[in-house]
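All heavy atoms count here, side chains included; hydrogens, waters and symmetry mates do not. Residues: numbered from 1 along the sequence shown.
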Amino acid sequence: MAVQRMDNVGIVVEDMDAAVAYFEELGMELEGRGEVQGGFADQCTGLDGVHCDIAMMRTPGGHGRLELARYRSPAVISDGPRNRPHNILGMHRVMFAVDDIEDTVARLRPHGGELVGEIARYENSYLLCYLRGPEGIIVGLAEQLH
């Protein structure tokens, strides 16, 4: 077997505190914060002079993680506007299952969460939506209907 599990999804941010607060409000738990630099970080990323702060967020069950990284060096590269459309090439969202989609959206709004479209119903199975948060990160939310 080649893959044992998906360990985490990495997201580069400029405002670490805002990103941590957003994902905590979503229901993730801060597992820890740290600082990464030196030869190992340079080798792993293919960059020179890496120095970044990281925060590891985990889902309540501990099966999923997000690693938030704020680069001190080298400088962060912005490749365009943060409100890019959903059909841009590359990773475009992280999806989370939630108990109450409307409550989750309401709680994330004060933390910068904005609906990309609207809450949609897929047959009688799911309520789904995309929410743009800090740094332009799109989070998908899915509430399974009973």
Pair R109-R107, side chain to side chain contact (heavy atoms under 4.5 Å, CB included): steps then yes or no: CA-CA 6 Å; R109 279 195 169 118; R107 288 187 297 105; over 6 Å; no

Shared hydrophobic cluster for L30 and I54 (ILVMFWY, side-chain gaps under 4.5 Å): no

Check: T59 side chain, M28 main-chain N or O, donor-acceptor pair, under 3.5 Å: no

All side-chain hydrogen bond (donor to acceptor under 3.5 Å, both in side chains) counterparts of E143, not counting sequence neighbours: none

Neighbour count >12 (heavy atoms, 6.0 Å) for atom CD, E114: no

Rounded distance (nearest 0.5 Å) linking atom NE2 of H51 with atom OH of Y71: 12.0 Å

Shared hydrophobic cluster for I101 and F23 (ILVMFWY, side-chain gaps under 4.5 Å): yes

Closest non-hydrogen atom pair between G27 and P60, with its separation: O-CG, 3.4 Å

CD (E102) with more than 12 external heavy atoms under 6.0 Å: no

Minimum heavy-atom distance between P74 and D48, given as atom pair plus value: CD-O, 3.8 Å

Hydrophobic cluster identity match, L47 and L68, side-chain contacts under 4.5 Å: no

Closest non-hydrogen atom pair between L26 and V98, with its separation: CD1-CG1, 4.4 Å

Shared-cluster residues of M56, by chain and number - hydrophobic side chains joined below 4.5 Å: none

Closest contact, heavy atoms only, G49 versus S73: O-OG, 2.6 Å

hydrophobic_cluster_shared for V76 and I11, side chain cutoff 4.5 Å: no

Donor-acceptor contact below 3.5 Å, side chain E29 vs main chain E24: no

V12-M16 co-clustered via ILVMFWY side chain contacts under 4.5 Å: no

Other residues, nucleotides, ligands: >12 heavy atoms within 6.0 Å of D99 CG: no

Contact summary for V116 and R132, nearest pair of heavy atoms: CG2-N, 3.9 Å

Criterion side-chain hydrogen bond (donor to acceptor under 3.5 Å, both in side chains) on Y126 and R121, from CA distance to verdict: CA-CA 6 Å; Y126 286 94; R121 177 182 293 269; over 6 Å; no

Among L141, L131, L108, the one residue meeting side-chain contact (heavy atoms from CB on, under 4.5 Å) with L115: L131

Closest non-hydrogen atom pair between N8 and E67, with its separation: OD1-CB, 3.9 Å

R33 bridged to D53 by N-O distance under 4.0 Å: no

Set of residues satisfying side-chain hydrogen bond (donor to acceptor under 3.5 Å, both in side chains) with respect to Q144, sequence neighbours excluded: none

